[in-house]
There are 2 protein chains.
Amino acid sequence: MALRNAVMAALLEGEASGYDLAKRFDTATADFWTSTPQQLYRELERMEGEGLIRARVVEQERRPNKRVFSLTEEGRSALHAFTRRPAKPTAIRDEMLVKLQAVDAGDAEAVRTTIMERMERARAKLARYERIRDRLLEGRSEEEYLRETDHVGPYLTLMRGRYFEEENLRWGGEVLAILDARAARRTSR
Amino acid sequence: MALRNAVMAALLEGEASGYDLAKRFDTATADFWTSTPQQLYRELERMEGEGLIRARVVEQERRPNKRVFSLTEEGRSALHAFTRRPAKPTAIRDEMLVKLQAVDAGDAEAVRTTIMERMERARAKLARYERIRDRLLEGRSEEEYLRETDHVGPYLTLMRGRYFEEENLRWGGEVLAILDARAARRTSR
DNA sequence: GATGTATATTCAATTTTCTGAATAGCAACA
DNA sequence: TGTTGCTATTCAGAAAATTGAATATACATC
């Protein structure tokens, strides 16, 4: 029942199809909530049944038709109620960090590779976030934007995503240096 | 089946009871993997059945007896194999960020409170991480420690946790300032 | 003497999530 | 002309996670 809150929050930015949402909630792109398409479509069905969202079919010429969802008034008020309830603590699950925790008994080279891949992914995410930011700002400075818009939520969560990935890169660099120094010492013995 | 890898990585640092692990994997204390006691005890049973860990009963005088688990050779090699497999991307789920995403249609005051609570928690976690760090360093500098120890994994993941919480505080401060400025503008209109 | 907190574990039911498909149209590329 | 990739969605089954208990001992505090 937690996914629906994330879905409603996403729909605040405008109507979206299940496919649109699936892209937004993909681990490769999401900055604070992830989900699979299957889960989303099922939840969307339920939410429509409960009147939180409504669907309209958009006929497309060069693509399969799609169902586009938007928030109902009921959904809006459910979302408002959600913002008043206490939030659960952040749930993190990161296999990369489990691997790193076990690096001393594991395959150091493989762990190193995983960290480098993660850094590459962080760079890609940062580039993506930067594009989204540009689209939001529309040429304005951050200060101007925040003064003029009545829609700060997406900007603030995006900011969080940006900081997170920037920090991933910084941390990853330090970790690689430490692992390298260690590997060098080991082979020289 | 992912929890077991985190459990094995934790047991690398020495034997632990289900209760010990439950504390380490608690959302309030964990830095990269969370789990409930129920889940842990069930998984520990299975892992023991599969020979990845072994248990010994410790009789205690002033407390209930406990079963203390340690890695078997089989567990060690399973952990080694895990470090060679590709890691799944980080899974984050953060209701606070969902609330913030929806702040424009929600209760701004409640969202503000949530962020302040999260910052308080970040401070507590940082203090905890600092204590763990001191215990690892034993008075040495970071450089000395990393040169001398053959056990860098826990230090590097701890570093990640520290950076993450520091950044939470920094970001939270900025967000509060922005929300405050917005609230001030709104009431003055 | 009661209440709350910490240790230590277990059971059962439900809900959620993940895995692995399958379908179907159209576009782009070799 | 075949292959791959993107849009768009659905089904079924298995695995994992969450929720809501319950039990028992012992210490500390009011």
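Values below: all heavy atoms of this structure, side chains included; hydrogens, waters and symmetry mates excluded. Quantities reported herein were computed from a predicted structural model and do not represent experimental measurements. Order of the sequence lines fixes the chain letters, A, B, ..., with proteins taken first and strands second; residue numbering starts at 1 for each chain.
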[X] [atom1] - [N] [atom2] separation (whole Å):
{"X": "A/Leu21", "N": "D/dT7", "atom1": "CG", "atom2": "P", "answer": "14 Å"}
{"X": "B/Asp20", "N": "C/dT7", "atom1": "CG", "atom2": "P", "answer": "9 Å"}
{"X": "B/Leu44", "N": "D/dA17", "atom1": "CG", "atom2": "P", "answer": "13 Å"}
{"X": "B/Tyr19", "N": "C/dT5", "atom1": "OH", "atom2": "P", "answer": "13 Å"}
{"X": "A/Lys66", "N": "D/dT9", "atom1": "NZ", "atom2": "P", "answer": "8 Å"}
{"X": "A/Leu40", "N": "D/dA8", "atom1": "CG", "atom2": "P", "answer": "15 Å"}

Count I, L, V, M, F, W, Y as connected when their side-chain heavy atoms are under 4.5 Å apart, and connections chain through other members. Are A/Ile92 and B/Ile115 then in the same cluster?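 Looking at the clustering, B/Ile115 is in a separate group from A/Ile92.
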Practice task
Determine whether B/Leu71 and B/Phe25 fall in the same hydrophobic cluster, where Ile, Leu, Val, Met, Phe, Trp and Tyr are linked whenever their side-chain heavy atoms lie under 4.5 Å apart.
Solution key: yes
If each end axis of the helix from C/dG1-D/dC30 to C/dA30-D/dT1 is fitted on five C1' pair positions, the angle between them, to 10 degrees, is 40°
Taking OP1 and OP2 of C/dT9, is either one under 4.0 Å from a side-chain nitrogen or oxygen of B/Tyr41?
-> yes
Next on the checklist: So, OP1 or OP2 of C/dT7: does either fall under 4.0 Å of a side-chain N or O from B/Lys23?
Outcome noted: yes
Which of these nucleotides, D/dT9, C/dT9, C/dT10, is closest to any side-chain atom of B/Glu45?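 Selected nucleotide (nearest to the side chain): C/dT10.
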For residues 79-90 of chain B, which residue pairs pass the side-chain hydrogen bond (donor to acceptor under 3.5 Å, both in side chains) check, not counting sequence neighbours?
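For residues 79-90 of chain B, and leaving out neighbouring residues, the side-chain hydrogen bond (donor to acceptor under 3.5 Å, both in side chains) pairs sorted by first residue read A/Asp94-B/Thr90, A/Asp107-B/Arg84, A/Arg118-B/Thr90.
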*State whether B/Arg42 and B/Glu45 are salt-bridged, where the test is any N-O pair (Lys NZ or Arg NE/NH1/NH2 against Asp/Glu carboxylate O) under 4.0 Å.*
no
Q) Any ion pair linking B/Glu48 and B/Arg54 (charged N to carboxylate O, less than 4.0 Å)? A)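 Between B/Glu48 and B/Arg54 there is no salt bridge, as every charged N stays at least 4.0 Å from the carboxylate O atoms.
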Note to self: Is the ring pair B/Tyr155/B/Tyr145 parallel, tilted or perpendicular, if the boundaries are 30 and 60 degrees?
What the structure shows: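 It falls in the tilted class, 30° to 60°.
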| request: Give a yes or no answer on whether the side chain of B/Asp104 reaches the backbone of A/Val152 with a donor-acceptor pair at less than 3.5 Å. | output: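 Checked: pair present.
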*Does a side-chain heavy-atom distance below 4.5 Å link A/Leu100 with B/Phe32?*
no
Each nucleotide of nucleotides 15-24 of chain C classed B (base within 4.0 Å of a protein heavy atom), S (only sugar-phosphate) or -, in 5' to 3' order, makes -SBBBBB---
B/Thr29 side chain to B/Asp26 side chain, donor-acceptor N/O pair below 3.5 angstrom: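 Not at all, the side chains of B/Thr29 and B/Asp26 share no donor-acceptor pair under 3.5 Å.
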